[in-house]
Structure formats: structure tokens, C-alpha cells
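See structure below.
Here, residue 1 is the first one in the sequence, and each next residue gets the next number.
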Amino acid sequence: MAERLTVARPYAEAVFALAVEENKLPHWQSVLALLRAVSEAPKVRALLNDPKTDIAAKQKLFVDVCGDALDAGGRRLAEVLLQSGRIGLMAEIEKLFLLRKEAAEGTVEATIETALPLDATQESEIRAALAKHTGRKVDAQISVNPALIGGTRITVGDTVIDASVQGRLAAMARDLHA
């Protein structure tokens, strides 16, 4: 994984620099999400991995699948990645771009899963605690996951805070098997 991130970093840095220069961070975030989604589609991936298909055909297919949602800059990025055989790094490129974007904006993305719906007070308390903990504004996606049984699971970047009943039961099961 570290090697893939190392190879993806120059592409992410270049796109981030261009996005800042053009003042289009949200636009480029959307472009990268589209490129990642298309590159991960099973049928597209199969064609991209087919050694019998030439680069021009792969580029045409990729651009055709993206359609009008892809502007000239996005097409050029897709062409560069296809020519260099790096289109498979779209997930890493997108991840690195988002990390740079969050740092530049002073925000951090979080996923909050709860067993039961939160009321407005609980939601604001969790957001405030996360903001205090991270030192950044928190952009949180909140979802209800009944499988947690009770409690909350919070994911911020690579950090997972699992205060759910499901997590505690899983930890007990691991301890019993050890």
C-alpha cells in the first residue's frame, strides 16, 4: 500500500496544485471521484487490464463512459494516467488529494455510525468533541447502523473509535480465543 501511495502522490499533488491555482477544489474533487468510480467499474477494469487493447481504445472507452461529466482537464488527467499505466491508482490519488484539501481547508471528514438516531444536541456534542480532538472543523456523515446494537463507531481518517456494543462483543470474542 505504501508503494502505491508513493507512486500516486505526484499525481495527487499536481491535481491539488492545479485545483488551488484555478480555485476549483470542489470541482476537482468531483472529477477525481468520477475517475475513480469509472476505473473501478468491473467491465471497465477488465478492458483496461486487457493487454490486447491499445491505449487509444482504452482512452476512448474511458472518456466515453465518463461522458459530459468530464471536462477537458479531467480528460487530460485520464489520458496521462492511462498512458502511464497508472489509472489503477485513482483511489490513492483521490485519497491523497482529499487529505491535502482537508488540510488546506482546516477540515476533516468523519463517519459517525450509531445504533439509534441522534438528536440535534447529541449530534452537536459529538461534532464539538471531534473538533476539539482533531483541532479542525469536522465534516461528518452520520448514519444509523442497527447492527452496532448500541453505542457509536466514529471513523476519522485512519482512526476508528469503536464504542459500540458490537465492537465490545467482538473484542471479548477475540480475547476468549486468544
Side-chain angles (χ1 to χ4, degrees), residues 1-113 126-143 153-161:
M1 181 67 167
E3 182 178 313
R4 291 177 59 86
L5 286 174
T6 301
V7 175
R9 191 172 316 283
Y11 297 101
E13 294 291 333
V15 172
F16 181 79
L18 179 63
V20 168
E21 179 182 312
E22 295 176 342
N23 195 25
K24 292 184 175 181
L25 283 170
H27 167 74
W28 277 100
Q29 180 179 350
S30 298
V31 168
L32 292 176
L34 173 65
L35 293 177
R36 178 195 40 78
V38 171
S39 70
E40 291 176 347
K43 289 183 180 180
V44 173
R45 181 173 282 191
L47 183 77
L48 294 176
N49 291 331
D50 182 4
K52 296 176 185 174
T53 307
D54 66 350
I55 296 293
K58 290 177 182 180
Q59 288 174 339
K60 181 177 179 349
L61 166 84
F62 205 89
V63 171
D64 287 349
V65 169
C66 292
D68 293 336
L70 199 60
D71 64 355
R75 279 193 293 280
R76 182 66 190 132
L77 175 61
E79 290 170 1
V80 167
L81 293 171
L82 285 161
Q83 286 172 350
S84 63
R86 305 278 197 235
I87 198 72
L89 296 173
M90 275 313 306
E92 289 82 0
I93 294 169
E94 180 184 28
K95 178 181 179 178
L96 292 168
F97 176 88
L98 290 174
L99 289 173
R100 284 293 309 264
K101 179 180 178 279
E102 290 172 359
E105 294 175 340
T107 63
V108 65
E109 286 193 19
T111 303
I112 302 169
E113 293 177 273
I126 291 175
R127 287 179 192 267
L130 286 173
K132 182 179 179 184
H133 178 73
T134 61
R136 296 181 176 179
K137 180 182 169 227
V138 175
D139 181 19
Q141 302 295 325
I142 300 174
S143 63
R153 182 184 302 140
I154 301 170
T155 306
V156 180
D158 293 338
T159 304
V160 177
I161 304 165

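- Side chains of R100 and L96 form no contact here, defined as non-hydrogen atoms less than 4.5 Å apart.
- Scanning both residues, L70 and R75, for their nearest heavy atoms gives O-NH1, 2.6 Å.
- Checked against L34 for a side chain to side chain contact (heavy atoms under 4.5 Å, CB included), the options V31, V38, L32 give a single hit: V38.
- Annotation: the span from T6 atom OG1 to E92 atom CD amounts to 10.5 Å, rounded to 0.5 Å.
- Taking every heavy atom of both residues into account, L48 and K58 meet most closely at O-NZ, 2.9 Å.
- The CD1 atom of I87 sits 10.5 Å away from atom CD of E79, with the distance rounded to the nearest 0.5 Å.
- In terms of heavy-atom proximity, L35 sits nearest to A78 at CD2-CB, 4.0 Å.
- Atom NZ of K24 and atom CG of D71 lie 6.5 Å apart (nearest 0.5 Å).
- At a threshold of 4.5 Å between non-hydrogen side-chain atoms, the residues W28 and L77 count as touching.
- Here R76 contributes atom CZ and L18 contributes atom CG; the two are 12.0 Å apart, rounded to the nearest 0.5 Å.
- Contact annotation: the side chain of L81 approaches that of I93 to within less than 4.5 Å [non-hydrogen atoms, C-beta and beyond].
- Put simply, the side chain of L47 does not reach to within 4.5 Å of the side chain of F62, judged on heavy atoms.
- Listed here is the closest heavy atom pair of S39 and R45: O-NE, 3.6 Å.
- In this structure the side chain of E102 reaches within 4.5 angstrom of the side chain of E109, judged on heavy atoms.
- The minimum heavy-atom distance between G88 and R4, with the atom names listed, is O-NH2, 2.7 Å.
- Looking at R127 and I142, their side chains come closer than 4.5 Å, going by heavy atoms from C-beta outward.
- Atom CG of N23 is surrounded by 12 or fewer heavy atoms from other residues, nucleotides or ligands within 6.0 Å.
- Distance check: I161 CD1 to I126 CD1 gives 10.0 Å after rounding to the nearest 0.5 Å.
- To the nearest 0.5 Å, atom CG of residue L89 and atom CZ of residue R36 are 13.5 Å apart.
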Verdict with supporting geometry, L61 and K43, side chain to side chain contact (heavy atoms under 4.5 Å, CB included): CA-CA 11 Å; L61 166 84; K43 289 183 180 180; over 6 Å; no

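- We find that E13 and R9 are not joined by a salt bridge, their nearest charged nitrogen and carboxylate oxygen being 4.0 Å or further apart.
- Listed here is the closest heavy atom pair of K101 and L25: CE-CB, 4.1 Å.
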